Amino acid sequence: MDALRHNPNTLTCDSQRTGFYSAGTWCAATLHRPANPASKTLPAILMLHGWGGIQDALTVPYYEEFTRAGYAVMTFDYRSWGDSAGLPRQVISARERVADGDAALAFLKSQPGIDPRRIVLWGSSFGGGHAVELAAGHPELAGAIAQVPMLDGMAAVRAVPVGRLLRFGLYALADLLKPGHPIYVPVVSEPGAFSSMDRDDAGKALQLAETSIGRPYDNRVAARSLLTMGPYRPIKHLKNIRIPTLLLGASGDSVAPFVENAIRKANNPHLTLASVQANHFEPYFEPAFSDVIRQQLAFLARLDTTA
């Protein structure tokens, strides 16, 4: 895991800050367009980032490559994260995040110069689960990509040591019962330190990302958020997907284990399974990024051919 291929100082895309409302709360968004678009009406990708993600963090190399391929790309911050409004801060609810994704999709469809019939969902990690859930509910879309997707919350919970799970439960319960500001835990940390993710080079990924984007990251999540993981099982929606969907897992992922056997049981011809030799965070960085983006661009090219 070396570095991000692109950073905000090397981008060629034309980025415009914008935003939309989700359940009455302002969500900050950015619409990235190709520097020299081949057409006045563009296909588009809606990006749904992961557990503790924000705009302009680990997704930067992806939206740069997608805009170079001729797509407009919209990124956004979920409610109470990044530049979006919402209180209390840094709380995660899977249900609310899927609703934010739905609102973002409606907003993207309404933008001038965007072809609403050629929109592709892209989600990574926890956001990969959201992409699957939204794909099942939007058969009008062109396709979906779920990268290192968190498809089965129970599989993710089982990968956490029992002692750590008990500590998670105590912190989450205290956060729910305590009045006032939430109790926070770090989103990521070095191996062995207490956080929501300390495996798969999570701490190193944070350091590399902060260096690359030149912006400090607010490394905290409300402890109550930990309770949303186990019950969240977007794998149940796989059988309902009716659009071409790429599920790209990582062979060494211990954060969101790629449950390939369970995916195959869905027996859905619209699903394409692929994998890379990597842990959960390596696909954002070189050298694994090159393999991942190659497979995703090839999938998008097949969608264009079909269209």
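Quick note: numbers below take in every heavy atom, side chains included, and nothing from hydrogens, waters or symmetry partners. Remember, predicted model here, so these are calculated numbers, not experimental data.
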Got a sec: does the [atom1] of [X] have more than 12 other heavy atoms crowding it under 6.0 Å?
X: Gln16; atom1: CD; answer: no
X: Arg242; atom1: CZ; answer: yes
X: Lys178; atom1: NZ; answer: yes
X: Glu140; atom1: CD; answer: yes

When you measure from the side chain of [X] to the backbone of [Y], do you find a donor-acceptor pair of N or O atoms at a distance under 3.5 Å?
X: Thr228; Y: Ala94; result: yes
X: Glu286; Y: Leu4; result: no
X: Asp152; Y: Val259; result: no
X: Ser124; Y: Gly128; result: no
X: Gln277; Y: Ser251; result: no
X: Asn268; Y: Leu238; result: yes

Any heavy-atom pair between the side chains of [Y] and [X] that's under 4.5 Å?
X: His49; Y: Asp77; value: yes
X: Val221; Y: Val187; value: yes
X: Gln147; Y: Pro283; value: yes
X: Val188; Y: Ser196; value: no
X: Met150; Y: Met229; value: yes
X: Leu105; Y: Leu141; value: yes
X: Trp122; Y: Ile45; value: yes
X: Asp201; Y: Glu282; value: yes

Can the ring centroids of [X] and [Y] be said to lie less than 6.0 angstrom from one another?
X: Tyr184; Y: Tyr171; result: no
X: Phe289; Y: Tyr62; result: yes
X: Tyr21; Y: Phe107; result: no

Any salt bridge linking [X] with [Y]? Criterion: basic side-chain nitrogen under 4.0 Å from a carboxylate oxygen.
X: Asp56; Y: Arg17; answer: yes
X: Arg5; Y: Glu65; answer: yes
X: Arg215; Y: Asp83; answer: yes
X: Arg97; Y: Asp100; answer: no
X: Asp198; Y: Arg164; answer: yes
X: Asp14; Y: Arg33; answer: no

Stepwise side chain to side chain contact (heavy atoms under 4.5 Å, CB included) check, His270 with Ile243: CA-CA 6 Å; His270 299 286; Ile243 59 176; over 6 Å; no
Over all heavy atoms of both residues, which pair between [X] and [Y] is shortest? Give the atoms and the distance, please.
X: Leu134; Y: Leu121; value: CB-CD1, 3.7 Å
X: Ala256; Y: Pro149; value: CB-O, 3.8 Å
X: Ala23; Y: Arg79; value: CB-NH1, 3.3 Å
X: Ala142; Y: Leu303; value: O-CD2, 3.7 Å
X: Met1; Y: Leu208; value: O-CD1, 3.8 Å
X: Phe258; Y: Ile263; value: CE1-CD1, 3.5 Å

Just do the side chain to side chain contact (heavy atoms under 4.5 Å, CB included) check on Arg224 and Val91 with the steps written out, would you? CA-CA 7 Å; Arg224 71 192 73 172; Val91 175; 4.2 Å; yes
Looking only at side-chain N and O atoms, does [Y] offer a donor or acceptor that is under 3.5 Å from a partner on [X]?
X: Ser80; Y: Gln90; result: no
X: Thr211; Y: Gln207; result: no
X: Thr59; Y: Tyr284; result: no
X: Ser84; Y: Trp26; result: no

Can you hop from [X] to [Y] via hydrophobic side chains spaced under 4.5 Å?
X: Leu170; Y: Phe194; result: no
X: Phe66; Y: Leu42; result: no
X: Ile92; Y: Met154; result: no
X: Leu227; Y: Met197; result: no
X: Phe168; Y: Leu173; result: no

Gap between atom [atom2] of [Y] and atom [atom1] of [X] - 0.5 Å precision:
X: Ile293; Y: Glu64; atom1: CD1; atom2: CD; result: 10.5 Å
X: Ile145; Y: Leu248; atom1: CD1; atom2: CG; result: 8.5 Å
X: Glu133; Y: Asn240; atom1: CD; atom2: CG; result: 10.5 Å
X: Lys40; Y: Ile114; atom1: NZ; atom2: CD1; result: 15.0 Å
X: Leu151; Y: Glu260; atom1: CG; atom2: CD; result: 11.5 Å
X: Leu246; Y: Leu300; atom1: CG; atom2: CG; result: 8.5 Å

Can you name the ring-ring contact (aromatic ring centres under 6.0 Å, His included) partners of Tyr63, sequence neighbours left out? His32
Assess whether side chain to side chain contact (heavy atoms under 4.5 Å, CB included) is satisfied between His6 and Arg68, documenting all intermediate values. CA-CA 12 Å; His6 304 292; Arg68 291 186 182 190; 3.6 Å; yes
Evaluate side-chain hydrogen bond (donor to acceptor under 3.5 Å, both in side chains) for His280 paired with Ser125, printing each intermediate quantity in order. CA-CA 8 Å; His280 187 72; Ser125 190; 2.8 Å; yes
Verdict with supporting geometry, His130 and Tyr232, ring-ring contact (aromatic ring centres under 6.0 Å, His included): CA-CA 10 Å; His130 306 337; Tyr232 189 54; 5.4 Å; yes
Take Phe126 and Tyr78, measure what ring-ring contact (aromatic ring centres under 6.0 Å, His included) needs, and give me the verdict at the end. CA-CA 12 Å; Phe126 205 54; Tyr78 299 111; 8.6 Å; no
Worked check of side chain to side chain contact (heavy atoms under 4.5 Å, CB included) between Met74 and Thr30: CA-CA 6 Å; Met74 194 175 93; Thr30 308; over 6 Å; no
